Amino acid sequence: MMTGTAELRGQALAIHNLSLEFPTFSGAVKALDNVSINVGKAEIVGIVGESGCGKSVTTMAATGLLPRGRYRITGGSVRLFNHNTLAMDESQLQDVRGKMVSTIFQEPMNALNPTIRIGKQLTDVIMRHEEASLPDARRIARDILADMLIGEPERVMKLYPFELSGGMRQRVLIAMAFSCNPGLIIADEPTTALDVTVQAVILRLIQNRARRTGTSVVFISHNVAVVSQLCDRLYVMYAGRIVEHGATRTVLDAPLHPYTQALLRCLPERVAPKQELEAITGAVPTLMHPPAGCYFQPRCKEPVDLCRSRSPQLAGSDGREVACWRRGVAPETSEQGSRQ
Amino acid sequence: MTEGVDTIARPVLEVSDLNVRFPASRDWLGRPTSHVHAVNGVTLQVRGGGSLGIVGESGCGKSTLAQAIIGLAPYEKGRVAIDGEDLQAAQGRQKRELRQKMQIVFQDPQSSLDRRLPVWRLISEPLHIRGGHSNAELHAKAGQLAVAVGLRPEHLDRLPHEFSGGQRQRIAIARAISTDPDLMVLDEPTSALDVSVQAQIVNLLLKLQRERGLTYLLISHDVALVRHFCDDVAVMYLGQIVESGPADEVLGNPRHPYTQTLLASAPSFASPLPTIAEVRMGELPNNRKLPAGCFYKERCGKAAAGCEAPQVLQRLSDGARHARCHLAQG
Amino acid sequence: MSAVVPSEPAAASPAMRRAKSISERLRYLWYLSRRSPLTLVGAAVILLVLIMIIAAPVIAPYNPDKVSLTARLLPPSAAHWFGTDEVGRDLFSRVIYGARASCGAAFMIVLISMSVGVLIGCFSGVVGGRVDTAIMRLMDVVLALPALVLAMALAAALGPSLFNSMLAVAIVRIPAYVRLARGQTLSLREQVFVKASRTFGASPFYILRWHILPNAMSPIIVQATLDLGGVVLIAAALSFIGLGAQPPTSEWGALVSSGRSYMLDQWWYATFPGLAILITAMGCNLVGDGIRDMLDPRLRDR
């Protein structure tokens, strides 16, 4: 891993070996298992995985957005611009969430208060975090809306959320997220509910703004193609573990983990029409009773004996790591010791 | 095929000049004062054993079109015929029989299955409604169908919540094929599923088509899926078909400006993120008051003289496709 | 496509599966109620009342109607736990037997208004249009009737009896169920699985029988449980003002009513039946709240 102390200082977000579980009626759901994610300054990082793989839980845990008392952190650490968010109380977290990190969610309607005009919601956020006066806040809000290609920002600020289309609402939310100049934006499936033409625009807007202001972005998505277009690096998650990460192009052009390979092969885009897709058999394991060894092994096409007994650790070099016994990683070299 | 030309097999589904509108507001007597024009003159045909994909963005009317075809949305103007028989004209028993000739698979198997009924009841519901079968027969039939879609017969007595999303969609597909339909309407059948499961469902649907000679009408926003799945494709914009023809022709070399935009913005590994100018951002025009002339001219980057006139879907001189743009011809 | 369902194992497994799922469900209920002890308290109260209703002759130490003029208005003691009344009847026994009249009446009221209300509501929701509008306006009218006034009118017309007052209360409670059932029907009608059923050619009756009623029942049962507490109070109130159970029937409201005259010197007379009413009503409400929380999908998977 690239978590040397020297590098740590340059990190926007450094999640190290985070493990987390949700206690439930029938037992603990081990939602995250030794998840490590590093986001450098001004870097756009993707987290890809299917629903329930823990991609949202990771960032929500890091920003204290999970419901209190409903989860247990069983190991690991989180440094957000060198602050330990796991040790913060709610009021400190609120401060952090406005100034250092903002989150954009999938459903823009839920994130906006339906009874308050767009303009007031925007200026309230700006005034709270930037300590700006009302005229200043209005000016900032106007500029940032224009930056999000919203024509007539003055008029839009007088509207209520329900008067906007889904794409407009999402752009307002992105404006809100960027309005306090946070160092890190977490975009959690921000375009999943939107049409492709709107999605393309919104991805561009996020990318342009982030590049210009040097903001780091964590982009969470189930859509590998979207991530391939937007992100510098990507992490692939499966069943609460990171299975592979590295530079986007490297990972997607030559995936090493069988899961990543299967994920790419089952897309219709890469197969001749009407040909059978290489579906991944079976389903994602339940995290209450995960399989022994590698979690992907029951669905893997080429498991070896080791896969069934011991879970592989991430190993590799040059910021490119994969957790798979088949990739020539001898058990000794992948021990925890070498990573710390 | 769309726009009925040189069809080899007889068309299973024929839709001609279909218009669907919903009252958007009413006066105090309950009379509609304005309408949402969801489908505006759609004509299409799907030949037996073939598959037609309808692509477009949300609000383009593709789902309403599916609902009108399947009988869930009333229409005032136009005609829907299955195996040559007009649905709207049929009554009573004949109507029910015609309806059972086509089945629909909805997007979200979570909500399209009654969570209180066991799987065998769900699968055999169309047969149960048709009547004349004992519960034991329905159970046995459900078992056969379950096997056909890759479910295990011993799971028949379970409730839907005990299944994963992909398995639930298999249940919905088993239910749809229970009446041996001629036409299956697939309304975004894989959109609610995980990527790895999507492929299983796509494979299953293609296999069923090969085995049973099913005819598919696939509604989807996913261009890659339609390209993979369909023989023909029709691109919809604001309730109209703007371009239609063989899938490889239309999606490989789009000629209507809207199809070009749609394809450029679809996420892909092969191409980088399009620039904002390429996407021609804009909102879908209000469909309460339809624009005069070409529906796309406000957003179109190639708008020129002649776009003020209403555009007709016409066959292009090269190839088998139709486009609703006077500039596409040349 | 060739495989045939193996009939024997399939026939054996449902029973086993059902048994397993029932024990699983009980365990789940237990898990949920442990986290809300108040629901457990309410359930205990209801269980107690049920035992009183079923096993009154076993529990009650005396015949509730046995007059003993030598033992008039005795305070609570080891022999008479709740004391005695003005003709020497054992109050503990009378309270226990009173559960039959009081809770039986409440239960019947809720059952009648629920079944009638659900029938009307589902019908109204499925038919829709003008019939629906007419039914709902009629329900508004019924809703405007105060239960006690209607009960008095019925008592005046038909004579005071527990049945007549039950009828009055039941009628007034119908609109609540009509609204609930209609609301459920309207929202279920828009559910995708109901739409799917329509595309298979299902008749409105089929949809009602197989999809709407089974799915609409849980909120209605919650409403009924919550109602039960209120109805216990109303039935007692009617008896208290003399419109319900007639003496010498032991009924909690009637007991409180007769105890009223002795309130100052013989506090136990009105107090114990009153407490019985209070505790039962509270128990029903607690259980109703508990069930509602359990069925609430937002609270479910936590």
Side-chain angles (χ1 to χ4, degrees), chain A residues 48-53 149 151 164-168 171 191 193-205 207-208 221-230 238 249 252-253 259 262-284 286 299, chain B residues 51 55-60 163-167 190 192-204 206-207 209-210 221-231 247-248 251 258 261-284 299:
Chain A
V48 193
E50 299 178 273
S51 56
C53 72
L149 294 183
L164 303 178
S165 69
M168 285 271 263
R171 275 183 276 152
T191 57
L194 304 173
D195 282 317
V196 283
T197 53
V198 182
Q199 165 170 291
V201 171
I202 284 183
L203 296 180
R204 264 285 171 200
L205 289 174
Q207 195 184 44
N208 290 351
S221 180
H222 68 279
N223 190 330
V224 195
V226 168
V227 170
S228 81
Q229 290 179 320
L230 183 70
Y238 183 76
R249 272 296 140 208
L252 294 182
D253 290 347
Y259 175 65
L263 204 58
L264 293 172
R265 270 204 301 260
C266 70
L267 295 172
E269 189 181 342
R270 303 196 153 189
V271 183
K274 305 264 181 182
Q275 288 308 300
E276 185 135 329
L277 301 173
E278 284 190 48
I280 311 178
T281 53
V284 180
T286 60
R299 304 173 81 185
Chain B
S51 46
V55 239
E57 296 181 275
S58 54
C60 74
F163 295 88
S164 68
Q167 285 174 312
T190 59
L193 305 175
D194 273 324
V195 193
S196 71
V197 182
Q198 277 181 13
Q200 297 175 9
I201 298 296
V202 169
N203 285 345
L204 171 67
L206 287 173
K207 174 176 146 254
Q209 184 173 41
R210 283 195 302 272
H221 69 277
D222 185 345
V223 178
L225 175 67
V226 171
R227 195 199 320 257
H228 180 75
F229 196 85
C230 295
D231 307 315
D248 51 346
L251 301 178
Y258 176 65
T261 303
L262 193 65
L263 285 169
S265 34
S268 152
F269 295 98
S271 56
L273 204 55
T275 63
I276 286 164
E278 279 173 302
V279 178
R280 311 286 326 152
M281 188 190 42
E283 305 284 324
L284 212 58
R299 276 172 77 179

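The model shown is predicted, which means the values in this text are computed figures rather than measured ones. To find a chain, count down the sequence lines: A is the first, B the second, and so on, and within it residues start at 1.
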*Mark yes or no for whether B:His228, through its side chain, and A:Gln275, through its backbone, hold a donor-acceptor pair below 3.5 Å.*
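Yes, the answer is positive, given that a donor and an acceptor are paired below the 3.5 Å cut-off.
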
_I'd like to know which of A:Glu278, A:Gln199, A:Glu276 tops the heavy-atom pair count under 4.5 Å against chain B._
A:Glu276

Give, as side chain, backbone, both or neither, the part of [X] having an atom under 4.5 angstrom from any heavy atom of chain A.
{"X": "B:Val195", "result": "both"}
{"X": "B:Phe269", "result": "both"}
{"X": "B:Pro274", "result": "both"}

Nearest 0.5 Å, what's the [atom1]-[atom2] distance between [X] and [Y]?
{"X": "A:Leu194", "Y": "B:His221", "atom1": "CG", "atom2": "NE2", "value": "10.5 Å"}
{"X": "A:Thr281", "Y": "B:Gln200", "atom1": "OG1", "atom2": "CD", "value": "7.0 Å"}
{"X": "A:Leu277", "Y": "B:Ile201", "atom1": "CG", "atom2": "CD1", "value": "11.5 Å"}
{"X": "B:Arg227", "Y": "A:Glu269", "atom1": "CZ", "atom2": "CD", "value": "7.0 Å"}
{"X": "A:Leu267", "Y": "B:Leu225", "atom1": "CG", "atom2": "CG", "value": "11.0 Å"}

Restricting to non-hydrogen atoms, name the atom on [X] and the atom on [Y] that form the minimum distance, rounded to 0.1 Å.
{"X": "B:Ser196", "Y": "A:Cys266", "answer": "CA-SG, 4.0 Å"}
{"X": "A:Ser228", "Y": "B:Ser268", "answer": "OG-O, 3.8 Å"}
{"X": "B:Ala224", "Y": "A:Pro268", "answer": "O-CB, 3.9 Å"}
{"X": "B:Thr275", "Y": "A:Arg204", "answer": "CA-NE, 3.6 Å"}
{"X": "A:Val198", "Y": "B:Glu57", "answer": "N-OE2, 4.4 Å"}

Give, as side chain, backbone, both or neither, the part of [X] having an atom under 4.5 angstrom from any heavy atom of chain B.
{"X": "A:Arg265", "result": "neither"}
{"X": "A:Asn208", "result": "side chain"}
{"X": "A:Val227", "result": "neither"}
{"X": "A:Leu252", "result": "side chain"}

_Test side-chain contact (heavy atoms from CB on, under 4.5 Å) applied to B:Pro267 and A:Val196, A:Leu230, A:Leu203, the passing residue_ = A:Val196

*Considering residues at least two apart in sequence or located in another chain, which fulfil the side-chain contact (heavy atoms from CB on, under 4.5 Å) criterion with A:Lys274?*
B:Ser51, B:Leu206, B:Gln209, B:Asp231

*What residues, two or more places apart in sequence or in another chain, satisfy side-chain contact (heavy atoms from CB on, under 4.5 Å) together with B:Ala247?*
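For B:Ala247 the side-chain contact (heavy atoms from CB on, under 4.5 Å) partners, ignoring immediate neighbours, are B:Val233.
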
